[in-house]
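Contents: one structure, followed by commentary.
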2 protein chains.
Amino acid sequence: MKKFIPILKKSRLFAGVGAEDITSMLSCLDARLHSYKKGENVLRQGEHISDIMVLVSGELHVQRDDYWGNRSIVNRITVGEMFGEAYIAPESGALLNDVVAIEDSNVIFFDVRRIMTVCSSACKFHSTVVQNLFFSISEKTKNLVLKLGHLSKRTTREKLISYLSEEAKRNNSPSFVIPFNRQQLADFLSVDRSAMSNELCKMRDEGLLEFEKNHFRLL
Amino acid sequence: MKKFIPILKKSRLFAGVGAEDITSMLSCLDARLHSYKKGENVLRQGEHISDIMVLVSGELHVQRDDYWGNRSIVNRITVGEMFGEAYIAPESGALLNDVVAIEDSNVIFFDVRRIMTVCSSACKFHSTVVQNLFFSISEKTKNLVLKLGHLSKRTTREKLISYLSEEAKRNNSPSFVIPFNRQQLADFLSVDRSAMSNELCKMRDEGLLEFEKNHFRLL
DNA sequence: ACAAATCGGTTGTTTTTACAACAGAAAGAG
DNA sequence: CTCTTTCTGTTGTAAAAACAACCGATTTGT
C-alpha cells in the first residue's frame with residue numbers, strides 16, 4: 001500500500017496532507033488495498049457499502065446495464081478520484097450502479113465512519129480530510145448536474161454539442177482529447193452508437209468540428 | 001425567523017438538534033431569511049454563492065431554460081430540504097441552474113464556511129450539523145443518480161416507467177400522487193409534453209397503469 | 001506474421017419523437 | 001356567475017433516433 005502514498009498525496013481527499021501524515025492515517029482510517037483486473041467489478045449494483053474508495057491506479061467506469069443490455073456509463077473515475085460518497089449515510093440503501101475496472105486497477109477502501117468521526121488519537125490533519133471530503137462530494141455533485149445538462153438535451157446533436165462544449169471549456173481549448181471511444185461516448189450520452197457516429201460526421205461535413213479518433217476540435 | 005425554528009428542527013440539516021440549540025446556532029451560522037413570491041428567482045444561473053440554503057416554506061424548482069426555450073427541471077425542493085450544496089467548494093464557480101419559487105416561499109441562507117469550520121464558541125451540536133450536511137449531500141447525490149437513471153432511458157415510455165416505478169417504490173405502494181403536472185413532468189423527464197401525454201394514454205389503454213390527474217396506479 | 005476481435009463509418013428501414021395546432025375540461029380571477 | 005387562462009388529451013406531419021447489417025481499418029493476442 002505504501003507505494004501508493006504519493007498518489008494519495010495528490011488526491012483530492014488528502015490534499016494538503018503530508019506523506020508521513022497520510023501514512024499514519026492509513027491505519028486510523030482502516031485503509032485496505034484491493035486489486036482488480038481489467039473487466040472485473042469493483043462494486044456491484046445491489047451491494048451495501050460503508051466505505052469511501054480512492055482509485056490509485058487504472059481507470060473505472062460507473063455504469064449500469066438494463067434488462068435489454070443497454071449500457072449506460074454514469075461516470076468515469078480517474079486516478080486520485082474518490083467514489084462511493086453517495087452511500088455514506090447509514091440509510092443509503094443498496095448501490096444503484098456497477099463500478100467496473102476498464103484497466104487493471106488498484107483501489108484503497110477507507111472506513112467512512114472513521115473519516116467522519118474525529119478520532120481520539122487526534123490526527124492533526126483529520127479536519128483537513130473532512131473538509132476535502134466535503135469539497136470532493138460537492139465537486140462530484142456538480143459533475144452529475146453537468147451530465148444531467150447533457151442528457152436533458154433532446155437530440156443526439158444537441159447532446160454532442162453540450163458534451164463537447166463542456167470538454168472544450170474544461171480544457172480551455174477548442175482542441176482536446178476525449179477519454180471515450182465511440183461506443184463509450186454513446187453509452188455516456190445514452191444514445192445509439194451508429195446514429196451518433198452518423199451525426200458526428202454530418203456535423204463535421206457542416207464544418208462545425210473536426211475529429212480524428214478521440215481528438216476533437218470545435219470550429 | 002423564529003417562527004421557522006420548528007421547520008428547521010424537522011429538516012435534514014438540523015436533525016437531532018433541539019429548538020434552543022438551533023436558535024443559538026442561527027447567529028453562529030449567520031442565518032438570513034429571504035422571502036420570494038411565486039415565480040421569483042431565488043438563485044440565477046451564473047451567480048456565485050458561498051451559502052447553504054434551507055427551504056422553510058413553499059416549494060422550489062431547480063431548472064434551466066436553454067436558448068430555444070426548452071425548460072429542464074433538474075430537481076424539486078420541498079420544505080425542510082437543503083440546496084446549494086454543490087457549490088460549497090471555494091473553486092466551484094458559477095451556478096449552473098436557476099432556482100425558482102413555484103409557490104410563495106421562504107428560504108434561510110447559512111454561511112457555508114461557518115458550518116464547516118468548528119466555531120470557537122463551541123456549539124455542542126456543531127458536529128451533528130456537520131454530519132447531517134454530509135448525509136444530506138450524499139442523499140442528494142443519490143437522487144441525482146436516480147434521475148440520471150431515468151434520463152438515460154432511450155424512449156419516453158421507458159423514462160416514464162423508470163420514473164413511475166421509482167415513485168411507487170418510494171411510496172411503498174403501486175398507487176401514489178406525483179408532485180408534477182403534465183408539463184412539469186415532461187420538463188423533468190426532458191421529453192415533449194404532448195408525446196408524453198400520448199404515451200401515457202397508450203400505456204393506460206394497454207392496461208399498464210391507471211391515472212387521474214396527478215394520481216397514478218401501476219398495475 | 002497471422003487470425004481474431006474491436007472499432008468506426010455507412011446505409012436503409014422501422015419506430016419514436018418533436019412540433020404544431022386544436023378542443024374540451026378544469027381552475028382561477030374579477 | 002362569467003370570462004379568461006391553464007391544463008390535458010388528441011391528431012397529423014415532419015424530423016430524428018433506434019436498429020440491424022455490413023465493411024474496411026486498426027488493434028490485439030498468440
Side-chain angles (χ1 to χ4, degrees), chain A residues 37-39 61 65-73 102-104 150-164 177-206 208-216, chain B residues 37-39 61 65-73 102-104 150-164 177-206 208-216:
Chain A
K37 292 278 176 206
K38 176 177 177 175
H61 277 180
D65 302 326
D66 69 12
Y67 343 84
W68 282 74
N70 280 319
R71 172 162 298 168
S72 173
I73 298 177
I102 61 166
E103 298 173 9
D104 291 358
H150 304 146
L151 286 198
S152 68
K153 295 289 183 292
R154 306 293 216 269
T155 67
T156 298
R157 173 174 294 220
E158 283 178 312
K159 283 175 184 155
L160 282 167
I161 290 175
S162 178
Y163 170 72
L164 294 172
V177 175
I178 66 169
F180 297 123
N181 64 31
R182 294 290 184 277
Q183 182 63 59
Q184 290 171 334
L185 179 57
D187 290 342
F188 184 75
L189 296 178
S190 290
V191 295
D192 179 71
R193 181 196 60 80
S194 67
M196 185 192 76
S197 191
N198 196 272
E199 198 64 34
L200 272 175
C201 293
K202 276 191 211 163
M203 288 163 77
R204 182 192 52 200
D205 296 344
E206 292 173 24
L208 290 174
L209 49 77
E210 293 170 352
F211 58 86
E212 192 192 325
K213 295 207 167 201
N214 297 354
H215 183 262
F216 286 76
Chain B
K37 292 276 175 207
K38 177 176 178 176
H61 277 181
D65 302 326
D66 70 12
Y67 341 87
W68 282 72
N70 280 319
R71 171 163 298 167
S72 173
I73 298 176
I102 61 167
E103 297 173 10
D104 290 358
H150 304 145
L151 285 197
S152 69
K153 296 290 185 290
R154 304 295 214 270
T155 66
T156 298
R157 172 174 294 220
E158 283 178 313
K159 285 175 183 151
L160 281 168
I161 290 174
S162 179
Y163 170 72
L164 294 172
V177 174
I178 66 170
F180 296 123
N181 64 31
R182 293 291 184 278
Q183 183 62 60
Q184 290 171 334
L185 179 57
D187 290 342
F188 185 76
L189 297 178
S190 289
V191 294
D192 179 73
R193 181 197 61 79
S194 67
M196 185 192 77
S197 191
N198 195 271
E199 198 64 35
L200 272 176
C201 292
K202 277 192 211 163
M203 290 164 77
R204 181 193 52 200
D205 297 344
E206 291 173 25
L208 290 174
L209 50 77
E210 293 170 353
F211 57 87
E212 193 193 325
K213 295 207 167 201
N214 297 354
H215 183 262
F216 286 76

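Being a predicted model, the structure only gives us computed values, none of them experimental. Proteins get letters first, then strands, A, B, ... in listed order; numbering begins at 1 in each. Both backbone and side-chain heavy atoms feed into the values below; hydrogens, waters and symmetry mates do not.
Nearest to the side chain of Val191(B), among dA18(C), dA21(C), dT11(C), sits dA18(C). Of the candidate nucleotides dT10(D), dT17(C), dA17(D), dA17(D) has the atom lying nearest to any side-chain atom of Ala195(A).
Using a 4.0 Å cut-off between a side-chain N of Lys or Arg and a carboxylate O of Asp or Glu, Lys159(A) and Glu199(A) do not qualify as a salt bridge.
Counting distance only, with no hydrogens placed and no angle test, the side-chain atoms of Arg193(A) and the base atoms of dG9(C) include a donor-acceptor pair under 3.5 Å. Side-chain to base pairing of Ser194(A) with dA20(D): one donor and one acceptor N or O lie within less than 3.5 Å of each other.
Nucleic acid contact class of Asn181(A) (heavy atoms, under 4.0 Å, all strands): sugar-phosphate only. Among the heavy atoms of the strands lying under 4.0 Å from Thr155(A) are primed sugar atoms or P, OP1, OP2 only; no base atom is included.
At least one side-chain nitrogen or oxygen of Arg154(A) sits closer than 4.0 Å to the OP1 or OP2 atom of dA18(C). One finds a side-chain N or O of Thr156(A) lying less than 4.0 angstrom from the OP1 or OP2 phosphate oxygen of dA17(D). The phosphate of dT27(D) has OP1 or OP2 within less than 4.0 Å of a side-chain N or O from Lys213(A).
Looking only at distances, no side-chain donor or acceptor of Asp187(B) sits under 3.5 Å from a matching main-chain atom of Ser72(B). Side chain of Arg182(A) to main chain of Lys213(A): a donor-acceptor pair is present (N/O by atom type, distance under 3.5 Å, no hydrogens or angles).
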Check: Could you go step by step and tell me if Ser152(A) and Phe188(B) meet the side-chain contact (heavy atoms from CB on, under 4.5 Å) rule?
Finding: CA-CA 9 Å; Ser152(A) 68; Phe188(B) 185 76; over 6 Å; no
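Between the CG atom of Asp187(B) and the C1' atom of dT17(C) there is a distance of 16 Å, rounded to whole Å. Rounded to a whole Å, the CD1 atom of Ile178(B) is 14 Å from the P atom of dC7(D). Atom NZ of Lys202(A) and atom P of dA15(D) are 12 Å apart (whole Å). Distance Lys159(A) NZ to dT17(C) P: 11 Å, rounded to the nearest Å. Spacing between atom CG of Asn198(A) and atom C1' of dC19(D) amounts to 13 Å, rounded to whole angstrom units. One can place CG of Asp192(A) at 14 Å from P of dT17(C), the figure rounded to the nearest angstrom. The distance from atom CG of Leu200(B) to atom P of dT17(C) is 12 Å, rounded to the nearest whole Å. Counting to the nearest Å, the P atom of dT6(D) and the CD atom of Gln183(B) are 12 Å from each other.
Closest-nucleotide positions on DNA chain C for Glu158(B) and Arg182(A) were compared, and the one nearer the 5' end corresponds to Arg182(A).
Using bins of under 30°, 30° to 60° and over 60° for the plane-to-plane angle, the ring pair Phe180(B)/Tyr163(B) lands in the tilted bin.
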